[in-house]
Amino acid sequence: MNFKISESGYYGEFGGSYIPELLLPNIEELKSAFKRIVESTSFQRDFSKLLKEYVGRPTPLYYARRLSAHYNTNIYLKREDLCHTGAHKINNTIGQILLAQEMNKKRIIAETGAGQHGVATATVCALMGLKCIVYMGEVDMERQAPNVKRMQMLGAEVRAVHSGTKTLKDATNEAIRDWINHPEETYYLIGSVVGPHPYPHIVSIFQSVIGDEIKKQLQQSPDYILACVGGGSNAIGAFYPFLDDETVKLIGVEAAGLGLQSGKTAATLTLGSTGVLHGSKSKLIQTEDGQVVEPYSISAGLDYPGVGPVHAFLDQCGRVEYKNATDEEALIAAGLLTRLEGIIPALESAHAFAALEKINPLADENIVVNLSGRGDKDMETYQQKLKF
Amino acid sequence: MERNKLSDLLQTDKKNLLNIYSTAGYPAIDDTSNIILNAMNSGVDMMEIGIPFSDPLADGPVIQQSSQKALNNGMTLELLFEQLNEIKNKVNIPLLLMGYYNSILNYGTEEFCKKCQMVGISGLIIPDLPLEVFQSEYEDVFKKYQLHNILLITPQTTDDRVKKIDNASTAFIYAVSSASTTGTKTGISDSTAFLEKLSQMHLKHPVLTGFNINNRDAYLQACKYTRGAIIGSAFIKAISNNVKLADGINIFLSSIIQASK
Ligand SMILES: Cc1ncc(COP(=O)(O)O)c(C=O)c1O
């Protein structure tokens, strides 16, 4: 099976570049710049150096002794929460800011849900001295307030999005509209493996450092890798180098929100049908009339009605199994990890941990859970829901 | 070549073609039929009916809000087809549908095209369906149902690509006046160099100019270089303010058309 993207930007039937003609020159420019840059040794050198010295990579692969005992198996945590800014998002923003510099763009725009991608973008813009505008849904600005302050302190302008459901989907719409209105000077720094080709591919490549490190650190193939899936960037980053190794069971975990049947969910691959949103063909939660349904999840970073096209493809061909976890299951898993290991996970990552309840590993098997981010941003929600 | 009301109109020597955009199901769910008939009687040459979509990426605030309102009203694509079918025999101007690709994909492309032909649609504008995908997957089915695909060009489109789009077109080319979402800027005075260039390119197909045409001046400016103009956001605003729909339409259209026709 070939899991690589095709020349025209498709994973099987999914992907592509469904954008208005207005953005075509931008996409063409991006494609050729990316091609130039990934092959250049100076980029590889700058990228690795920044990941090492600025982000703090490689992140540890930590054997979670007490969590392993609890589930009677071997659980390793890939500590993306220890990256500078507290999540995997910065792997991608470092790569893309170098790309933006190569393209000589001075104005950076981004969308954000949980605020982690916004913070990671604001951070690299401060580092490079570039102007930064982050679009964020009004609802997310409230529930992830600490990240709004961080972005502002970093010098970014956070623009509240009041349209639609006022969450990640609408923030992405506004970022794309901004790009349409400022096509020449602006670089759109997208935060997950979504959007028109070549973004899903670019983000996958930059995030695949996660899986590359797991491979080196574990020195053997794990039996399972678990990761949460919003757009799907931390998941594909962890899975990428293992796609061809069929002995590794890859499990993506989507947010079921209040439950699959509740109508308040973000479990796109379980409930969605083929559709086009934000420039690519993938799975989408939509009505009979083709309107995108308001998603819901307690976790702002998973509260998205679409999913990266690569995941739609990996689901269809069965290489990755997609499960889901409700708000409540994620909260319980977060509490458990915190008390057993002294690590407070991001609500997004907590969904990956919740899936430990849904697999039946043997005592001698090895499981890697991608701990995509830390939970500081979610303290208010944790406090309310876990009542302490 | 697809023959229908649109190609017939373009074959006449009529100039200053006025194409009015209106979102289906807006302001009220059953207003669209009246808007079409009223506009037709006021001298509009063709109409473009927008299929409301939850995530209209290429649209500015005015059309976004009209889409959202239409959806809140309960508008659907199926209902639009029913409404269009009822007035089919009264409409003697070309009608186009403008929509996002997801609406069509979700309806089923062949079924969608078939319905379009049944209710008298002459052409489609699908801003997020790229030329290459259209050519490899949809050209034949559009032909089968005699639908023109209207492609967009912008000031950033290279001359080579303009020619490619001209070759792939069958009716007119939609020139987007400037790099923007709909109705985001006021007027098209910054676009004259682009439009002038187009007028000198000896394209096979006529060009209509759209985006940001907000009054008679902008309309005439567009018509100076191209075959006509498309007005969207300004029309939507005009029918948003008025208690009586017919008055809103007539006042706005007479401010545009006046004695120019
Ligand atoms: C910590 C963390 N994990 C996961 C995600 C979800 O994104 P993705 O699925 O692209 O990894 C986010 C998004 O904001 C996040 O902040």
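Below, chain A is the first sequence line, B the second, and so on; all start at residue 1. Note that these values count all heavy atoms, side chains included, but never hydrogens, waters or copies made by symmetry.
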Asks: Between B:Ile126 and chain A, which part of the residue has a heavy atom less than 4.5 Å away: side chain, backbone, both or neither?
Replies: neither
Asks: Side chain from CB out, backbone as N, CA, C, O: work out which of these in A:Gln286 comes under 4.5 Å of a heavy atom of chain B, or both, or neither.
Replies: side chain
Asks: At their closest point, which heavy atom of B:Leu77 faces which heavy atom of A:Asp289, and how far apart are they?
Replies: N-OD1, 3.0 Å
Asks: Side chain from CB out, backbone as N, CA, C, O: work out which of these in A:Ser17 comes under 4.5 Å of a heavy atom of chain B, or both, or neither.
Replies: backbone
Asks: Rounded to the nearest 0.5 Å, how far apart are CG of A:Asn181 and OG of B:Ser178?
Replies: 8.0 Å
Asks: Under a 4.5 Å heavy-atom cut-off, does chain A meet the side chain of B:Ile51, its backbone, both or neither?
Replies: neither
Asks: In Å, rounded to the nearest 0.5 Å, how long is the span from CG of A:Asp170 to CD of B:Gln64?
Replies: 9.0 Å
Asks: Where do B:Leu105 and A:Gly275 come nearest, in terms of heavy atoms and distance?
Replies: CD2-CA, 4.0 Å
Asks: State whether the number of non-hydrogen atoms from other residues, nucleotides or ligands found under 6.0 Å of A:Glu185 atom CD is greater than 12.
Replies: yes
Asks: Tell me, for A:Ser163 versus chain B, whether the close heavy atoms (under 4.5 Å) come from the side chain, the backbone, both or neither.
Replies: side chain
Asks: Non-hydrogen atoms of chain B under 4.5 Å away: do they reach the side chain of A:Leu23, the backbone, both or neither?
Replies: neither
Asks: Inspect the surroundings of NZ in A:Lys35 and state if more than 12 heavy atoms from other residues, nucleotides or ligands are less than 6.0 Å away.
Replies: no
Asks: Begin from the C-alpha positions of B:Gln156 and A:Leu24 and carry the test side-chain contact (heavy atoms from CB on, under 4.5 Å) through to its verdict.
Replies: CA-CA 9 Å; B:Gln156 276 72 31; A:Leu24 188 95; over 6 Å; no
Asks: Pick whichever of B:Leu151, B:Asn102, B:Leu71, B:Thr184 has the most heavy-atom pairs under 4.5 Å with chain A.
Replies: B:Asn102
Asks: Which one wins on heavy-atom pair count under 4.5 Å against chain A: B:Gly60, B:Pro56, B:Ala58, B:Pro61?
Replies: B:Pro56
Asks: How long is the straight-line distance from CD of A:Gln291 back to OG of B:Ser103, given to the nearest 0.5 Å?
Replies: 5.5 Å
Asks: With A:Leu22 as reference, evaluate B:Thr154, B:Ile153, B:Leu57, B:Leu152 under the side chain to side chain contact (heavy atoms under 4.5 Å, CB included) test and give the passing residue.
Replies: B:Thr154
Asks: Between B:Asn106 (side chain) and A:Glu288 (backbone), is there a donor-acceptor pair under 3.5 Å?
Replies: yes
Asks: Hey, what do you get for CG (B:Leu131) to CD (A:Glu21), rounding to the nearest 0.5 Å?
Replies: 7.0 Å
Asks: For atom CD of A:Glu294, decide whether the heavy atoms of other residues, nucleotides or ligands shown that lie under 6.0 angstrom number more than 12.
Replies: no
Asks: Without swapping roles, check the side chain of A:Arg177 against the backbone of B:Thr181 for a donor-acceptor pair under 3.5 Å.
Replies: no
Asks: Write down the atom of B:Phe53, the atom of A:Val276, and the distance for their closest heavy-atom approach.
Replies: CZ-O, 4.5 Å
Asks: Check each atom of B:Asp128 against the heavy atoms of chain A and say whether the ones under 4.5 Å are side chain, backbone, both or neither.
Replies: both
Asks: Under a 4.5 Å heavy-atom cut-off, does chain B meet the side chain of A:Ile180, its backbone, both or neither?
Replies: both
